[in-house]
Amino acid sequence: MLRQKSSIAIALAVAAALGLSACADNPNRRAEIGGGAGAVLGGLLGSQLGDKSGTNAAIGAALGALAGAGVGHYMDNQQKELNKKLAAQQARNELNITRLNQDTLKIGVASDASFAVDSANLSPNAQNTFNSIANVLKDYKKTAIHVVGFTDNTGSKQHNLKLSQERAQAVAQFLESRGVNSKRVLTWARGESEPVASNKTAEGRAQNRRVAIVIKPIVKGDEKAAFSAPPNLGNPQYETADGNNG
C-alpha cells in the first residue's frame, strides 16, 4: 500500500512536469496535457488513464471533491462572494457573473477593460480585477477553472485564434501568480468563433472581444466532468448572421 501511494505521488509529480513543459503554441495547452500524464499514471497504476479526462479526474480527486448534496450550496456561496468582491466592476459593465447551469459559474470579462488593442498584456486596472477574482478562487479550491479567450472577426482567423490564446494564457498565468493552483486551471482559445453580438458594428465587435472564466465544481465520483471543455459560450444567432461559424 505504501509503495502504491509513493507511485501515485511520483506520477502526479511527473504529470505536473508534463503540464509545465506543454507546448506554448497549443491553444488548449493545459487541457491537452492529459495524454502524456495519463500514460505515466496508467503505466504505474494499471489504470485506463490514457486520455485527458481520466488524468484530470485523477488530479481532481487529488485536489479534493465535493459530495453531490453540497455542490449547489458551495457554488451559491462562491457566486455571492464574487458578486461582493466585484461589485464595482459589474457596476461599470466591465464584467458580469452568470450561472451557465445549476452548478457552473461564468465570469465574462470585456477584453477592452483588460487589454489594449491587439495586445495580450493585462492593464493595471485588469490586474486589480483578476486579483480580486483570484482571491475568491483560492478560497473555493474544489473547482476547475477554465479561462476562455475570444476576439472579434477583424483580422485573419489564424491571428485571432493566436491572440485569444495569448490572452487566455495571460489571465491564467496571472491567477496562478496570485496563488491559484495551476492544476485547477485550463485555457481555451476560441478566436472569433462564438460571438455574443454582431461583428457588423463597433459596439458588437467590442462585446465579442472578451475573456470568460468558467468555474466548474469537482464532484466526487464524477471528477472528470469538471475538466471537460466549456460549452459554446456564444449566441448562435450571430454566428450565422455574420457568416462566422468558427
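Remember, it's a predicted structure, so these values are computed and weren't measured experimentally.
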Do [X] and [Y] have side chains that get closer than 4.5 Å, going by heavy atoms?
X: Ser228; Y: Lys216; value: yes
X: Leu175; Y: Leu137; value: yes
X: Val71; Y: Met75; value: yes
X: Ile107; Y: Leu105; value: no
X: Ile97; Y: Gln90; value: yes
X: Pro195; Y: Glu239; value: yes
X: Thr129; Y: Leu86; value: yes

Would you say Leu100 and Trp188 are hydrophobically clustered, going by side-chain heavy atoms of ILVMFWY under 4.5 Å?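 Yes.
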Please say yes or no: joined through hydrophobic side-chain contacts below 4.5 Å, possibly via intermediate residues, are Phe115 and Ile213 part of one cluster?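 Yes.
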So, the side chain of [X] versus the backbone of [Y]: is there a donor-acceptor pair under 3.5 Å, distance only?
X: Thr143; Y: Pro217; answer: no
X: Thr104; Y: Asn101; answer: no
X: Ser164; Y: Phe150; answer: no
X: Glu194; Y: Leu233; answer: yes

Sort and list the pairs that fulfil salt bridge (Lys or Arg N to Asp or Glu O under 4.0 Å) and have at least one residue in [range], not counting sequence neighbours.
range: residues 128-139; answer: none
range: residues 108-129; answer: Asp112-Arg209
range: residues 95-109; answer: Asp76-Arg99

Straight-line distance of [X] [atom1] to [Y] [atom2], nearest 0.5 Å:
X: Gln207; Y: Asn93; atom1: CD; atom2: CG; value: 10.0 Å
X: Gln173; Y: Glu166; atom1: CD; atom2: CD; value: 10.5 Å
X: Arg184; Y: Ile145; atom1: CZ; atom2: CD1; value: 3.5 Å
X: Leu163; Y: Ser119; atom1: CG; atom2: OG; value: 8.0 Å
X: Ile215; Y: His146; atom1: CD1; atom2: NE2; value: 10.0 Å
X: Ser132; Y: Arg178; atom1: OG; atom2: CZ; value: 11.0 Å

Step by step, work out the side-chain contact (heavy atoms from CB on, under 4.5 Å) result for Thr187 and Gln165. CA-CA 8 Å; Thr187 59; Gln165 170 196 350; over 6 Å; no
Suppose the criterion is ring pair (Phe, Tyr, Trp, His ring centres under 6.0 Å): which pairs have a residue in residues 72-100, not counting sequence neighbours?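 Passing the test, one end in residues 72-100: Tyr74-Tyr140.
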Enumerate the ring pair (Phe, Tyr, Trp, His ring centres under 6.0 Å) contacts for residues 156-186, please, sequence neighbours excluded, ordered by first and then second residue.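 Every candidate ring pair (Phe, Tyr, Trp, His ring centres under 6.0 Å) pair involving residues 156-186 fails, so no pair, neighbours aside, qualifies.
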Sole candidate of Asn208, Asn199, Asn160, Asn153 that passes side-chain hydrogen bond (donor to acceptor under 3.5 Å, both in side chains) when paired with Glu192: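 Testing each of Asn208, Asn199, Asn160, Asn153 against Glu192, the sole residue satisfying side-chain hydrogen bond (donor to acceptor under 3.5 Å, both in side chains) is Asn160.
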Show, in sequence, the C-alpha distance, side-chain angles and deciding distance for Val185 and Val147, and conclude whether the side-chain contact (heavy atoms from CB on, under 4.5 Å) test is met. CA-CA 7 Å; Val185 184; Val147 185; 4.3 Å; yes
Is it the case that Glu176 and Asn181 place a side-chain donor and acceptor less than 3.5 Å from each other?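 No pair is found: no donor N or O on one side chain lies under 3.5 Å from an acceptor on the other.
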For Ala126, all residues meeting side chain to side chain contact (heavy atoms under 4.5 Å, CB included), sequence neighbours excluded: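 Once residues adjacent in sequence are excluded, the partners of Ala126 under the side chain to side chain contact (heavy atoms under 4.5 Å, CB included) criterion are Ser114, Leu122, Ser123, Phe130.
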Restricting to non-hydrogen atoms, name the atom on Ala144 and the atom on Ile218 that form the minimum distance, rounded to 0.1 Å.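 For Ala144 and Ile218, the tightest heavy-atom pair comes out as N-CG1, 3.9 Å.
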Could you pull out the closest heavy-atom pair between Ala113 and Asn125, with the gap in Å?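 So the minimum-distance heavy-atom pair works out to O-ND2, 4.0 Å.
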